[in-house]
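We use all heavy atoms of the structure for the numbers below, so side chains are in, but hydrogens, waters and symmetry mates are not. The structure displayed is predicted, hence computed values, not measured ones.
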Amino acid sequence: MNTTVSTRKIAIVTGGSRGLGRNTVLSLATRGVQSIFTFRSNREEAEQVVKLVAEAGVTAMALQLDTGNVGEFRAFVDKVQTTLELWGADRFDYLVNNAGISHHAAFDQTTERELDDLYNVHFKGVFFLTQRLLPLIRDGGRIVNVSTGLTRITVPGSAPYASMKGAIEVLTRYLAKELGERRIAVNTVAPGAIATDFSGGMVRDNPEINQRVAAMTALGRAGEPDDIGPMIASLLSEDNRWINAQRIEVSGGMSI
């Protein structure tokens with residue numbers, strides 16, 4: 001076992017193998033932050049992120065996890081503890097609840113199974129994974145819950161997804177209050193429409209949708225992952241230590 005005591009900050013990022021989570025892991029690496037990140041199924045994709053982090057001179061660990069399955073959380077926390085020990089640490093500093101699934105259907109066309117899946121990933125999973133990890137997060141640490149601009153901007157077909165994210169925004173404020181005695185700051189980051197593979201890559205790959213988003217945005221374009229990851233990394237840093245219980249929309253000024 002590695003007995004060297006780590007002096008680096010350590011983050012846990014769910015859904016860190018692709019999209020905004022991947023960009024967050026890489027952005028943290030440029031600041032010298034080690035990451036334990038989760039992936040659901042594509043190990044090759046996850047290992048590529050580990051390689052890119054190593055090229056930045058930092059260490060990352062990819063752990064498989066279905067964030068919508070609470071039954072996997074105990075074993076996951078055990079793996080986190082083992083990883084921390086290997087890195088010479090007993091606590092981690094930052095938690096980014098990013099993992100998510102998309103859904104686009106009208107209110108009257110959404111099935112119970114679809115709503116349950118959204119609930120399990122976007123609310124229940126975040127609630128209980130955070131609860132499980134609380135004993136391991138350092139006092140004075142920080143939590144970021146990723147929401148969506150759709151809690152403010154109403155787009156037909158997004159009610160179920162946006163409602164779950166709305167619940168997360170309320171949970172964020174309660175966590176900020178309840179964890180305040182441990183000096184743990186908790187904030188929400190709400191991205192606008194971003195050109196990733198989320199939702200089948202529709203903003204990235206569909207020119208019509210991309211242009212429609214750009215027309216709605218004050219800065220005149222759709223968002224990119226590089227607009228989000230560095231912002232989250234900055235929010236977790238000491239530069240923003242006094243920001244707490246806030247919903248920060250990162251959308252370039254959509255629908256204002």
Side-chain angles (χ1 to χ4, degrees), residues 11-25 35-43 45-46 49 62-77 79-80 94-107 109-134 137 143-152 155 157-175 186-194 196-204 225 228-229 232 247 250:
I12 295 178
V13 181
T14 63
S17 64
R18 47 196 282 238
L20 303 186
R22 178 182 187 273
N23 197 277
T24 298
V25 171
S35 289
I36 300 169
F37 68 90
T38 73
F39 68 98
R40 184 171 182 178
S41 58
N42 193 329
R43 184 173 295 277
E45 200 171 47
V49 177
L63 298 179
Q64 190 166 18
L65 179 69
D66 177 358
T67 57
N69 184 354
V70 174
E72 295 185 13
F73 291 178
R74 184 185 295 274
F76 172 74
V77 172
K79 291 176 183 176
V80 167
Y94 311 133
L95 173 61
V96 181
N97 286 307
N98 164 77
I101 57 174
S102 66
H103 178 268
H104 300 278
F107 171 79
Q109 297 298 313
T110 299
T111 67
E112 182 178 4
R113 174 62 183 273
E114 289 171 333
L115 191 66
D116 285 345
D117 287 345
L118 288 166
Y119 168 72
N120 287 335
V121 172
H122 289 287
F123 186 78
K124 183 179 179 181
V126 172
F127 188 104
F128 285 109
L129 184 59
T130 303
Q131 186 185 81
R132 285 279 190 184
L133 289 169
L134 269 183
I137 190 167
I143 298 172
V144 167
N145 296 321
V146 177
S147 182
T148 175
L150 292 168
T151 59
R152 177 181 67 84
V155 177
S158 298
Y161 173 80
S163 295
M164 296 304 165
K165 290 298 194 179
I168 281 299
E169 293 182 8
V170 173
L171 178 63
T172 294
R173 295 195 297 274
Y174 273 86
L175 287 177
V186 190
N187 291 289
T188 297
V189 169
I194 309 295
T196 68
D197 61 358
F198 198 66
S199 297
M202 66 180 188
V203 176
R204 183 191 62 192
I228 308 299
I232 293 175
R247 176 194 185 271
V250 191

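- Side chains of L171 and F123 form a contact here, defined as non-hydrogen atoms less than 4.5 Å apart.
- With hydrogens and angles ignored, the 3.5 Å screen pairs no side-chain donor or acceptor of E45 with any backbone N or O of N42.
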**Study point:** Audit row: Y94, I143, side-chain contact (heavy atoms from CB on, under 4.5 Å) steps and yes/no
**Key:** CA-CA 6 Å; Y94 311 133; I143 298 172; over 6 Å; no
Practice item. Go through L129 and L65 one step at a time and tell me if the side-chain contact (heavy atoms from CB on, under 4.5 Å) criterion holds. Key: CA-CA 11 Å; L129 184 59; L65 179 69; 4.2 Å; yes
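- Put simply, OH on Y161 and OG1 on T110 are 14.0 Å apart, with the number rounded to the nearest 0.5 Å.
- For the side chain to side chain contact (heavy atoms under 4.5 Å, CB included) test, no residue two or more places apart in sequence or in another chain qualifies with S163.
- Partners of R247 according to the salt bridge (charged side-chain N to carboxylate O under 4.0 Å, His left out) rule, which considers only residues two or more places apart in sequence or in another chain, are E169, E249.
- The minimum heavy-atom distance linking T188 with S147 is given by the pair CG2-CB, 3.4 Å.
- Evaluation of the salt bridge (charged side-chain N to carboxylate O under 4.0 Å, His left out) rule for D117 yields R113 as partners, not counting sequence neighbours.
- Between L95 and V144 there is no side-chain heavy-atom pair separated by less than 4.5 Å.
- A distance of 8.5 Å separates CZ in F73 from OG1 in T130, rounded to the nearest 0.5 Å.
- In this structure, the separation between CG on L20 and CD1 on I232 is 6.5 Å, given to the nearest 0.5 Å.
- Taking both residues in full, the closest heavy atoms of T14 and N98 are given as OG1-N, 2.8 Å, listed atom of the first, atom of the second, then distance.
- With sequence neighbours excluded, the residues forming a side chain to side chain contact (heavy atoms under 4.5 Å, CB included) with A106 are D108, Q109, listed by chain and number.
- Nearest approach of A99 to G15, heavy atoms of both residues: CB-N, 3.7 Å.
- Residues D66 and E72 come closest through the heavy atom pair N-OE1, 3.0 Å.
- No side-chain donor-acceptor contact under 3.5 Å links N187 and T172.
- With rounding to the nearest 0.5 angstrom, the CZ atom of R18 is 10.0 Å from the CZ atom of R40.
- Scored by the side chain to side chain contact (heavy atoms under 4.5 Å, CB included) test, A46 finds S17, F37, F39, A62 as partners (sequence neighbours excluded).
- A pairwise comparison of heavy atoms in G229 and N23 identifies CA-OD1, 3.2 Å as the closest pair.
- With N145 as the fixed residue, the side chain to side chain contact (heavy atoms under 4.5 Å, CB included) test singles out one of V189, V96, V186: V186.
- Residues T38 and Q64 form no side-chain contact, since every pair of their non-hydrogen atoms from C-beta on lies 4.5 Å or further apart.
- Counting heavy atoms from C-beta on, the side chains of V126 and H122 never come closer than 4.5 Å.
- Considering all non-hydrogen atoms of both residues, P160 and L115 come closest at CB-CD1, 4.0 Å.
- The side chain to side chain contact (heavy atoms under 4.5 Å, CB included) check on V121 picks up T67, I101, with sequence neighbours excluded.
- Counting heavy atoms from C-beta on, the side chains of P225 and I194 come closer than 4.5 Å.
- For F127, the CZ atom counts as loosely surrounded, since its 6.0 Å shell holds 12 or fewer non-hydrogen atoms of other residues, nucleotides or ligands.
- Between V146 and N97 the shortest side-chain heavy-atom distance does not fall below 4.5 Å.
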